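Atom set for the values below is all heavy atoms of this structure, side chains included, hydrogens, waters and symmetry mates excluded. Within every chain, numbering begins at 1; the chains are lettered A, B, ... in the order of the sequence lines, protein sequences first and strands thereafter. From a predicted model like this one, the values you see are computed outputs, not experimental measurements.
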Amino acid sequence: MESSGAYTVFIVDDDPLIHEMLGDHLKKFKNIKIHSFPDGEKALAQMSLNPNIIVLDYNLTGSNKDAMDGLAVLKKIKQVSPDVEVVMLSGQEKIEIAVNTMKFGAFDYVVKNENAFLRTENALFNILRKFRLVRDGKLYRKLFMLSLIAFILMLMVFGILFFMGYIKNPWEVVH
Amino acid sequence: MIIEILYVCIMENEEKLCDLTFLRSFTANDLTRMNRYIGMFLDNAPKLLQQIENGRIAGDWQTVKIAAHSLKPQLNYMGIKKLQDVITNIEFFAGAGTNFDQIHSLSQTLQTVCAEAMIELKTYL
């Protein structure tokens, strides 16, 4: 399943029903493009698509016993692309699993119950807001640097003009 | 008269194995989407049930645990509440490698109730 948008989201789960339901539910985000993968290996092979967010199942061995589990995939993702935000999905409501996934850099941990879709939507909303804040922060930093450079250049020009005698008193120019 | 209607409604609800309240709310009563999800469950669940059965017969508890883990949320979304504790216990006992006798009886319940629930779900399509 694919949709068009500014942010790329991977859904990695071996359950086709979750793919379909989650993919449909997240369509309300108009600015995301969704790619679905049945296991971590296939998702990792497509990291060149530069995903911004990965919704990753904790237990990925349902259809293939030899498949990497979610935690191993999470570690690999963070090694390859530390800026990618990962939301872990799990059928188990265990605090130690949640803590472990957070320790390895997951943004949030969602239990696969009836609230899972809403909670995943909230997690995505928060991640997208974080991305916007980071982007705005970078923009403001650039603007600040440009203003600072312009101010320093202006001071230099005034200084040169002052020392060359074109300006007797800089305040005369300002006022 | 009203009491009779209420009684019939209550009895009908009690007899149903699948409570589609979540699915209706999730799809905003979109029948096409509901049918698609039910169809996917009907395709997928028998494979997982078979894995549980094969694992149970072979004593491969890891397979039983993994298949039960995959089936658990699907049963939840289809509102088969009667099997929630059953599947949770199968997953737990298989994972812990204990209570094998209970796994056998729970697995039989799972197979029987799931078969009935799937027949019921087919009527919604």
For a quick test of reading the model, state the closest non-hydrogen atom pair linking B:Phe26 to A:Met21 and the distance between them. CZ-O, 3.4 Å

Tell me, yes or no, whether the heavy-atom count around B:Tyr124 atom OH, taken from other residues, nucleotides or ligands under 6.0 Å, exceeds 12. yes

Could you check if a side-chain atom of B:Asn44 sits within less than 4.5 angstrom of a side-chain atom of A:Pro16, using non-hydrogen atoms only? yes

Do A:Leu148 and A:Leu143 belong to the same hydrophobic cluster, where Ile, Leu, Val, Met, Phe, Trp and Tyr are linked whenever their side-chain heavy atoms lie under 4.5 Å apart, directly or via other members? no

So, do A:Leu17 and B:Met78 sit near enough that their side-chain heavy atoms are less than 4.5 Å apart? yes

Classify the ring geometry between A:Phe117 and B:Tyr77 as parallel (under 30°), tilted (30 to 60°) or perpendicular (over 60°). tilted

Work out which heavy atom in B:Ser70 is nearest to a heavy atom in A:Asp15; give both atom names and the distance. O-OD2, 4.0 Å

State yes or no: do B:Leu125 and B:Leu20 share one hydrophobic cluster built from I, L, V, M, F, W and Y residues joined by side-chain heavy-atom distances below 4.5 Å, directly or via other members? yes

Hydrophobic cluster membership, with links at side-chain heavy-atom distances under 4.5 Å among I/L/V/M/F/W/Y: are A:Phe125 and A:Leu89 in one? yes

Please state whether the side chain, the backbone, both or neither of B:Ile87 comes within less than 4.5 Å of a heavy atom of chain A. neither

Honestly, the part of B:Phe22 sitting under 4.5 Å from a heavy atom of chain A is side chain

Looking at A:Leu146, I'd like to know if its CG atom is crowded, meaning that more than 12 non-hydrogen atoms belonging to other residues, nucleotides or ligands lie closer than 6.0 Å. yes

Pick from B:Gln74, B:Glu91, B:Lys65 with the largest number of heavy-atom pairs that fall under 4.5 Å of chain A: B:Gln74

Between B:Lys47, B:Lys72, B:Met40, which has the largest tally of heavy atom pairs under 4.5 Å with chain A? B:Met40

Give a yes or no on whether A:Lys76 atom NZ has more than 12 heavy-atom contacts from other residues, nucleotides or ligands under 6.0 Å away. no

Please say whether more than 12 non-hydrogen atoms of neighbouring residues, nucleotides or ligands are located less than 6.0 Å from CE in A:Met145. no

Check whether A:Ile18 gets within reach of chain B through its side chain, its backbone, both or neither, counting any heavy atom under 4.5 Å. side chain

